[in-house]
Amino acid sequence: MVLPEKFIAQMEKQLGVQQAGLLFDAISQEVVTSIRFNNVKSDGNVSALMPVSMDCVQPVPWARNAWYLATRPSFTADPLFHAGVYYVQEASSMFLEQIVSTYANSPVRALDLCAAPGGKSTHLVSLLPKGSLLVSNEINKQRSNILCENIVKWGNPACVVTRNAPDQIAALGPVFDFILVDAPCSGEGMFRRDEQAIGCWSPENVQMCARRQWEIVSSAWNSLKPGGILVYSTCTFNEYEDEQILERIVSEFNAESLPVDCCSEWNITPATKDGLYGYHFYQHKTKGEGLFMGAVRKPFCDGPARNLKCKSKQQNFSVPAGVRNWILNDADYRFKCLNDSIIAVPCEHADFIQTVADNLYVLYSGIEVAKIKGKDIVPSHSLAVSTEINKDSFVQSPVDLRTALLYLQGNAVVLENNIPKGFVLLIYRNQPLGFVKNLGNRTNNLYPEYWKIRNNPV
């Protein structure tokens, strides 16, 4: 691996020649693999669900329910991965947990502004206090579809996925209590994971990224309520995209830089500027990829928060009692029909979710419970992987690994002869995997066409 000479000079100036040399050596090493379990779906039973032997794992020190794997298994060949039981996430970025646990102690309305592919969003929605709502946004169409898939698989109903530019979201006004800006960057911290990032690196690209980051942060600031928290992160090392952006937020917006407790054993490197609380992850010191993260608070005196009103008239869509019973605690949800889909959203956030839909491009919200197809109501796959599914409302059929993988490839699966006709929920290792329709002599596979496994892991 050949690193750019100007990058080498930059890091030697920033870290010193000896430390920079250790960093360069670390960048040439193998990528570290880490996963984070869904705290609802794993239900404390991590050892039974781990894709490798427990002898081959170590806990990520700054995140609960997260583990380093000594080897990288084929996640594609693990149905639990497709069921949203765990997420393959870079360990350094899980430091978000320390900020959330310190500063988000009551229900919030949160925004992940640059959210794809969904690692930090799935983590964030698991961390936020009960009663919170997360809007996960991604402007790129292809990446937003990946984000949507990962949010759906994670199964938390308190999520909305949007595809909008930051200034379009800012037009809503200051309506969020917590905003994460994981900004597009020059990617220095990802060099060993993505060699293309090395070829794209240049001092000019660093400066271009810094300008774009400031534009994104400025828009995000307009979306943040007075007293709200903004988390800024990049996967790069240089101070132009890290400390200087954080320092500019503090100076131009009169923001308060917020400290986060770090154990000395974690070997996290603090920001280089006095009075500025930011945290660097360097590969030669911490086990993971390169990262920078810091949090600020917006002044309380920045004016009142904005109360948005729905443009659309709200009605609770009448659905058959049997369909309502497909989700747990159905009284806590407002049902609506949208493009032949029956959607359930948490009542406490229903008005805001509708306001978002009135003003922004929404890909997904709440739980898609079912599709209306003529006279039939067909349970949706998002219901199958939702943490709110009422499994007892369906006939269930346990399947083995081979059958589960055949199902995920989109093939017809063979059920036991005693399984009645109708919709059947496949269960793999006690986890809902998806629906089939049992016709007696055969089954119709209801797994989403665009999520099917394309290779052959069987």
Side-chain angles (χ1 to χ4, degrees), residues 35-43 60 62-66 81 83-90 93-138 143-144 146-163 169 175-182 220 223-224 228-231 233 293 295 327-329 332-333 343-350 352-353 356 360 362-368 382-383 385-389:
I35 64 174
R36 176 178 43 78
F37 277 87
N38 188 320
N39 55 351
V40 177
K41 296 184 178 183
S42 61
D43 195 26
V60 176
W62 45 81
R64 296 166 295 173
N65 228 10
F81 169 70
V85 173
Y86 62 86
Y87 191 98
V88 184
Q89 184 181 12
E90 195 283 305
S93 63
M94 299 180 198
F95 184 69
L96 176 65
E97 182 164 325
Q98 298 302 312
I99 296 176
V100 175
S101 62
T102 303
Y103 294 106
N105 300 313
S106 58
V108 298
R109 188 185 293 159
L111 168 67
D112 186 354
L113 186 57
C114 313
K120 291 186 179 67
S121 275
T122 55
H123 196 191
L124 184 54
V125 77
S126 295
L127 296 170
L128 292 175
K130 184 177 176 59
S132 298
L133 177 74
L134 174 64
V135 176
S136 296
N137 179 76
E138 173 58 48
R143 286 171 57 82
S144 68
I146 296 171
L147 169 65
C148 190
E149 176 181 345
N150 286 325
I151 290 291
V152 169
K153 287 179 177 178
W154 201 246
N156 191 306
C159 288
V160 180
V161 181
T162 60
R163 185 167 73 226
I169 297 176
V175 296
F176 293 100
D177 308 281
F178 188 102
I179 296 179
L180 169 62
V181 179
D182 185 29
S223 299
L224 189 63
I229 304 296
L230 184 142
V231 177
S233 71
M293 187 174 288
I327 64 173
L328 300 170
N329 307 307
D332 294 338
Y333 291 86
I343 309 295
V345 297
C347 288
E348 59 192 321
H349 300 298
F352 179 74
I353 291 173
V356 170
L360 302 176
V362 173
L363 281 77
Y364 187 83
S365 62
I367 310 167
E368 184 186 74
S382 58
L383 173 66
V385 292
S386 172
T387 57
E388 288 293 290
I389 183 174

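Start at 1 with the first residue, then count along the sequence. Heavy atoms only: backbone and side chains are in, while hydrogens, waters and symmetry mates are out.
Taking the side chain as every heavy atom from C-beta outward, Asn137 and Leu113 approach each other to under 4.5 Å. The shortest distance between side-chain heavy atoms of Asn38 and Tyr87 does not fall below 4.5 Å. With contacts defined as side-chain heavy-atom distances shorter than 4.5 Å, the pair Tyr364/Leu147 does not qualify. Proximity of Met94 to Trp62: side-chain heavy atoms (C-beta onward) are separated by under 4.5 Å at one or more points. Under the 4.5 Å side-chain criterion, counting only non-hydrogen atoms from C-beta, Phe178 is in contact with Leu124. Val108 has its side chain out of reach of Ile229: every pair of non-hydrogen atoms, C-beta onward, lies at least 4.5 Å apart. The shortest distance between side-chain heavy atoms of Arg64 and Asn39 does not fall below 4.5 Å. With contacts defined as side-chain heavy-atom distances shorter than 4.5 Å, the pair Lys41/Val385 qualifies.
The aromatic rings of Tyr86 and Phe81 sit tilted, their planes meeting at an angle between 30° and 60°.
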- Item | Leu363/Glu138 under side chain to side chain contact (heavy atoms under 4.5 Å, CB included): CA gap, chis, key distance, verdict | CA-CA 10 Å; Leu363 281 77; Glu138 173 58 48; over 6 Å; no
- Query: Between Val175 and Phe352, is a side chain to side chain contact (heavy atoms under 4.5 Å, CB included) present by the stated rule, with each step listed?
  - Reply: CA-CA 10 Å; Val175 296; Phe352 179 74; 4.1 Å; yes
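Here the shortest heavy-atom pairing between Val345 and Ala350 reads CG2-CB, 3.8 Å. Contact detail for Lys120 and Ser233: the closest heavy-atom pair is CE-OG, 4.0 Å.
Remark: the Asp112 side chain and the Ser136 side chain contain no N/O donor-acceptor pair separated by less than 3.5 Å.
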